[in-house]
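Here's the structure, in C-alpha cells; my notes come after.
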Amino acid sequence: MEITFVNPGAEEMLRNIMGFQTEEESVFWSEPLFYFYPQLDKARAAALPFSERKAYIERVLLSVYEQEEKVIDEKVLIYSRQWEGCKEQITAALSEAFEVDCNGLFNDLRGNVTLNPVMPRFLREHCFDLFYLSSGRGAIGLAIHELVHFVWFYVWNQLFGDSYDEYERPSLKWILSEMVVESVMKDPRLSSINPYFPREDGGCIYPYFFDMKADGVSILDTLDKMYQSQSISAFMKNSYAYCQAHETEIREHIRRAENRPDPLGKE
C-alpha cells in the first residue's frame, strides 16, 4: 500500500467542500465548515439560494486558500514523512485483518491535503481528503480509517460481486463499513499510532455510533464480538445480515443524531 500526499489545488478542494453544502444536506455534515472558518457568515450563507451560496463560500475559501497554501504544502511533506515511518506496520495489520496480502493493493492512493474539514473518500478514484489542520499523527489516524474502507470494500466486492455504487452514503453497506472501523483499529499496530483511539481520545468512528443500540444491546459491542470470532468473509455476511435485521433502529438513530427531519413528519 502506498499513499502519495498532495495539494490538489483550490478547484478540487472547493468542489469537494460544496458537496456537503447542498440544500438536502444535514447540519451534521454542513456545519463543520462554518466552525473552522469563522470568515464565513453562516446566517448569510443560509439565506442565499444555492447558486449564490456556492459563489459566496467559494469566494471566501479561495481567499483562505491563498493565505494557507504554503501551510498546506508543508503539511504534505509532514504527512508523507509520517506515513513512511509506519506504512509497513499498517499494511501488515490490514493484511491480517482482511486475510488478503495488502502489499500488492492500493499502491496508487492519493491523500489530498485540503481545506475540507469533512473528509470524503472516493473508492473508484483511489483518493481521500485530509484536513490540513491535522497534526502528522492525526493525519495517519485519519488515513488508517480511510484505508480500512478501501480494503474492506475490495474484499467485500470480491465476496458479493455487487456494485461500488452501493458503497456510498446513505446505504446500509456504507453505514456498516463506518461502524466496523473501530474493531479493526483495535489491533495494537494501528491503535498505537492513532491519536484518536480509543473513544476517550475522540474515537475513530462517528460518535453517534457509540450509544446506538438494538434490542437494548450496543450494536458496536455485538459487531465487535462477531469480528473477533469469525473469518472476515463470515463476518461480512453475518454483520450485514444483523444490520439488515435492525435497519429501522439504525437509521432512526442516525437520523436523530444528524438532526434530519422525520420523513413521516413525526418527532
Side-chain angles (χ1 to χ4, degrees), residues 3 5-42 45-46 48 50 53-65 68 71-72 75-76 79 109-135 138-150 152-153 167-171 173-179 181-182 185 194-197 202-210 253-260:
I3 304 174
F5 295 94
V6 300
N7 175 349
E11 183 177 351
E12 184 169 344
M13 291 186 198
L14 294 175
R15 182 172 63 250
N16 291 347
I17 286 170
M18 292 310 303
F20 295 95
Q21 297 299 321
T22 63
E23 299 285 0
E24 302 79 19
E25 200 53 85
S26 73
V27 295
F28 181 85
W29 300 99
S30 62
E31 185 74 17
L33 187 70
F34 298 94
Y35 174 83
F36 284 102
Y37 299 107
Q39 303 95 320
L40 289 167
D41 185 326
K42 184 172 66 172
L48 295 171
F50 181 72
R53 185 189 319 146
K54 179 176 182 291
Y56 167 63
I57 291 174
E58 289 182 344
R59 183 171 63 254
V60 173
L61 291 184
L62 183 58
S63 176
V64 174
Y65 175 79
E68 297 293 280
V71 176
I72 293 170
K75 286 298 182 73
V76 167
Y79 298 170
L109 289 169
R110 180 162 55 98
N112 295 321
V113 183
T114 85
L115 298 175
N116 195 355
V118 180
M119 295 166 279
R121 50 107 179 106
F122 304 93
L123 294 172
R124 285 193 178 92
E125 293 81 2
H126 287 191
C127 67
F128 57 91
D129 282 4
L130 283 171
F131 191 32
Y132 85 107
L133 292 181
S134 301
S135 66
I140 293 303
L142 296 168
I144 296 171
H145 177 111
E146 302 306 335
L147 290 173
V148 170
H149 287 314
F150 281 101
W152 170 272
F153 281 120
Y167 304 161
E168 302 300 337
R169 185 170 62 101
S171 77
K173 295 176 183 179
W174 173 84
I175 294 171
L176 173 60
S177 78
E178 292 292 344
M179 290 193 287
V181 169
E182 186 177 66
M185 198 74 72
N194 185 351
Y196 306 120
F197 190 92
C204 60
I205 59 177
Y206 298 124
Y208 56 60
F209 290 134
F210 296 155
H253 184 91
I254 293 174
R255 182 190 72 78
R256 290 182 179 276
E258 291 189 355
N259 196 24
R260 291 181 180 273

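The structure displayed is predicted, hence computed values, not measured ones.
For Phe128 against Ile3, the heavy-atom pair with the smallest separation is CZ-CD1, 4.0 Å. Heavy-atom minimum distance, Val181 versus Cys204: CG1-O, 3.9 Å. The two residues Leu142 and Met119 make their nearest non-hydrogen contact at CD1-SD, 3.7 Å.
A donor-acceptor contact closer than 3.5 angstrom links the side chains of Asp129 and Asn16.
At least one donor-acceptor pair under 3.5 Å links the side chain of Tyr56 to the backbone N or O of Asp41. A donor-acceptor distance shorter than 3.5 angstrom exists from the side chain of Tyr79 to the backbone of Ser134, with no hydrogens or angles considered.
Glu23 places a side-chain heavy atom less than 4.5 Å from the side chain of Arg53. Phe197 has its side chain within reach of Glu182: a pair of non-hydrogen atoms, C-beta onward, lies under 4.5 Å apart. In this structure, Ile175 and Pro170 have side chains that are not in contact, with every pair of non-hydrogen atoms separated by 4.5 Å or more. By the 4.5 Å heavy-atom criterion applied to side chains, Phe153 and Arg121 are counted as neighbours. Side-chain contact check for Met18 versus Phe50: some heavy-atom pair is nearer than 4.5 Å. Contact annotation: the side chain of Trp152 never approaches that of Glu178 to less than 4.5 Å [non-hydrogen atoms, C-beta and beyond].
Within the structure, the salt bridge (charged side-chain N to carboxylate O under 4.0 Å, His left out) test picks out the following pairs touching residues 10-22 (sequence neighbours left out): Glu12-Arg110.
Here Lys75 does not pair with Glu68 in a salt bridge; the nearest charged N to carboxylate O distance is not below 4.0 Å. With salt bridges taken as basic N to acidic carboxylate O contacts below 4.0 Å, one links Glu25 and Arg169.
Considering Val60, Asn7, Thr114 as possible partners of Tyr65, the one that fulfils the side-chain contact (heavy atoms from CB on, under 4.5 Å) test is Asn7.
In this structure Tyr206 satisfies the ring pair (Phe, Tyr, Trp, His ring centres under 6.0 Å) test together with Phe28, Trp29, Tyr208, sequence neighbours excluded.
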